Amino acid sequence: MISMNGEFIAFFLLSVMAIAGAVFMINFTRVVHMILALAFTFLGIAGIFVTLNAEFLAVVQVLIYTGAVSILMLFGIMLTRHRDETRDGGRPWHAFLCFLGVGGFFALLMRIIYGSPFNGETAKTETFSVSGLGESVFKQYVIPFEVTSILLLVALVGAIILAKKERS
Amino acid sequence: MPVSSYLALGAILFCVGLYGVLTKRNAVMVLFSIELMLNAANINLVAFSKYGLYANQTGQVFTLFTITVAAAEAAVGIAILFALYRNRSTAEADRFQSLKG
């Protein structure tokens, strides 16, 4: 039985925040409202990271998702002409079938999650630290780190070339 | 907290994102729903960095890499969307029916 301690209350509030933002994102009709709702979800996920003793990741999540990606998507909305309201009518069967399929997938996932015998052990979270994270990134995972920097460079150049106006 | 709660939260967010990808017409919202699915996967990685048999901080390293790749994906996705928008002058995903420029 789950005891009502502070961790449980924090997890409950943050997960409600994350799920509510996601569901509002699906249900809102105005595009800007959708993006604000999803930024709210990303904030909730950053809080979840804090409850999992991943403070550095929480800060990165706020900086990259709530800050950068949301603003990037807002630019995407502003720079493309869109009807302010998304049109969703006209194909009710499509949404219904998608709902059935996703619901079935969700039921399968829940069955697997709650049917699996997870080990109850917890890591020694007092050993978790930003310096430990940095050491494993720059020592054990230095090759993936460098490859990631190349990937970011390629994405930067590729995005500029793709979005640049073509001379005809 | 049992690890199943975090996995269940990840599953819920993933399914909401999947539903958004399948039903949204605006291509920007499809991209954004994909970001939500990636975040749901990150929750699983971080949860298993705290709970489990040999849990350690490696899960957080994986999540850092995932966040980086997701940011690159969002930037390239928006750029492709702009290129398509210039050719088709619409941002609705179901209007992009041909691969020809």
Side-chain angles (χ1 to χ4, degrees), chain A residues 7-8 11 15 18-19 22-23 25-26 31 34-35 38 41-42 45 48-49 52-54 57 60 64-65 68-69 72-73 76-77 79-80 82 86-88 94-95 98-99 102 105-106 109-110 113-114 118-119 121-123 125 128 132-133 136-137 141 144 148 151-152 155 158-159 162-163, chain B residues 1-9 11-20 22-26 28-29 31-33 35-36 39 42-43 46-47 49-53 55-58 60-61 63-65 67-72 74-76 78-83 85-86 89-91:
Chain A
E7 190 189 4
F8 174 73
F11 173 78
S15 56
I19 295 169
V23 171
M25 188 273 283
I26 294 296
V31 181
M34 291 180 187
I35 288 185
L38 211 53
T41 300
F42 290 153
I45 293 173
I48 292 287
F49 285 169
L52 286 167
N53 297 80
L57 277 184
V60 167
I64 300 209
Y65 276 106
V69 173
L72 187 69
M73 294 295 170
I77 292 291
L79 292 180
T80 55
H82 61 285
T86 53
R87 62 188 174 92
D88 269 335
H94 176 83
C98 287
F99 187 77
V102 173
F105 180 66
F106 177 67
L109 275 181
M110 281 306 191
I113 287 171
Y114 282 100
F118 284 118
N119 189 298
E121 279 185 39
T122 307
T125 50
F128 283 14
L133 190 63
S136 54
V137 168
Y141 295 98
T148 310
L151 172 82
L152 278 180
L162 276 172
Chain B
M1 284 298 297
V3 65
S4 318
S5 314
Y6 289 100
L7 299 187
L9 173 65
I12 291 170
L13 289 181
F14 186 89
C15 287
V16 173
L18 186 62
Y19 183 74
L22 291 174
T23 55
K24 290 290 171 198
R25 274 211 160 101
N26 194 321
V28 179
M29 293 325 293
L31 275 176
F32 221 28
S33 301
E35 295 294 323
L36 182 60
N39 261 290
N42 285 346
I43 291 178
V46 181
S49 86
K50 183 172 178 185
Y51 301 102
L53 204 50
N56 55 41
Q57 259 190 319
T58 311
Q60 301 185 14
V61 178
T63 307
L64 269 182
F65 288 133
I67 288 176
T68 319
V69 174
V76 175
I78 286 284
I80 291 175
L81 183 64
F82 284 163
Y85 179 73
R86 267 205 304 276
S89 64
T90 179

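Keep in mind that what you see is a predicted model, and the values were worked out from it rather than measured. Naming convention: chains lettered A, B, ... in sequence-line order (proteins, then strands); numbering from 1 in each chain. Worth knowing before you read on, the calculation uses all heavy atoms, side chains too, and leaves out hydrogens, waters and symmetry mates.
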Check your understanding: What class does the angle between the rings of Tyr19(B) and Phe99(A) fall in, given that below 30° is parallel, 30 to 60° is tilted and above 60° is perpendicular?
Key -> perpendicular
Quick one: of [options], who has the most non-hydrogen atom pairs under 4.5 Å with chain A?
{"options": "Leu31(B), Val16(B), Asn39(B), Asn56(B)", "result": "Asn39(B)"}
{"options": "Leu18(B), Thr63(B), Asn42(B), Leu64(B)", "result": "Leu64(B)"}
{"options": "Ala83(B), Ala72(B), Ser4(B)", "result": "Ser4(B)"}
{"options": "Ala74(B), Ser33(B), Gly52(B), Ala75(B)", "result": "Gly52(B)"}
{"options": "Ala71(B), Gly20(B), Ser49(B), Gly17(B)", "result": "Ser49(B)"}

- Task: Using the test side chain to side chain contact (heavy atoms under 4.5 Å, CB included), find all partners of Leu162(A) that sit at least two apart in sequence or belong to another chain.
- Result: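 Listed in chain order: Val76(B), Ala79(B), Ile80(B).
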Applying side chain to side chain contact (heavy atoms under 4.5 Å, CB included) to Ala55(B) and not counting sequence neighbours gives Ala123(A)
Please test Met25(A) against Leu36(B) for side chain to side chain contact (heavy atoms under 4.5 Å, CB included), starting from the C-alpha separation and ending with a verdict. CA-CA 10 Å; Met25(A) 188 273 283; Leu36(B) 182 60; 4.2 Å; yes
With a 4.5 Å cut-off on side-chain heavy atoms, are [Y] and [X] touching?
{"X": "Met34(A)", "Y": "Lys24(B)", "result": "yes"}
{"X": "Tyr6(B)", "Y": "Val46(B)", "result": "no"}
{"X": "Ile12(B)", "Y": "Met110(A)", "result": "yes"}

Counting heavy-atom pairs under 4.5 Å with chain B, which one of [options] comes out on top?
{"options": "Phe128(A), Phe118(A), Tyr141(A)", "result": "Phe128(A)"}
{"options": "Ala54(A), Ala68(A), Ala18(A)", "result": "Ala54(A)"}
{"options": "Ser15(A), Ser136(A), Gly158(A)", "result": "Ser15(A)"}
{"options": "Val23(A), Ile48(A), Leu133(A), Thr122(A)", "result": "Leu133(A)"}
{"options": "Val102(A), Ile19(A), Leu109(A), Leu52(A)", "result": "Leu52(A)"}

Using heavy-atom distances under 4.5 Å, tell me whether [X] contacts chain A through its side chain, its backbone, both, or neither.
{"X": "Leu13(B)", "result": "side chain"}
{"X": "Val3(B)", "result": "side chain"}
{"X": "Phe65(B)", "result": "side chain"}
{"X": "Ile78(B)", "result": "side chain"}

(Q) Need one label for Ile64(A): side chain, backbone, both or neither, based on atoms under 4.5 Å from any heavy atom in chain B. (A)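 Just the side chain, heavy atoms under 4.5 Å.
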- Query: Quick one: which of Ile77(A), Val69(A), Val31(A) gives a side chain to side chain contact (heavy atoms under 4.5 Å, CB included) with Phe32(B)?
  - Reply: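 The residue from Ile77(A), Val69(A), Val31(A) that satisfies side chain to side chain contact (heavy atoms under 4.5 Å, CB included) with Phe32(B) turns out to be Val69(A).
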*Centroid-to-centroid, Phe14(B) to Phe106(A), below 6.0 Å?*
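Aromatic pair excluded; centres sit 6.0 Å or further apart.
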* Asked: Between Leu9(B) and Phe11(A), is a side chain to side chain contact (heavy atoms under 4.5 Å, CB included) present by the stated rule, with each step listed?
  -> CA-CA 10 Å; Leu9(B) 173 65; Phe11(A) 173 78; 4.2 Å; yes
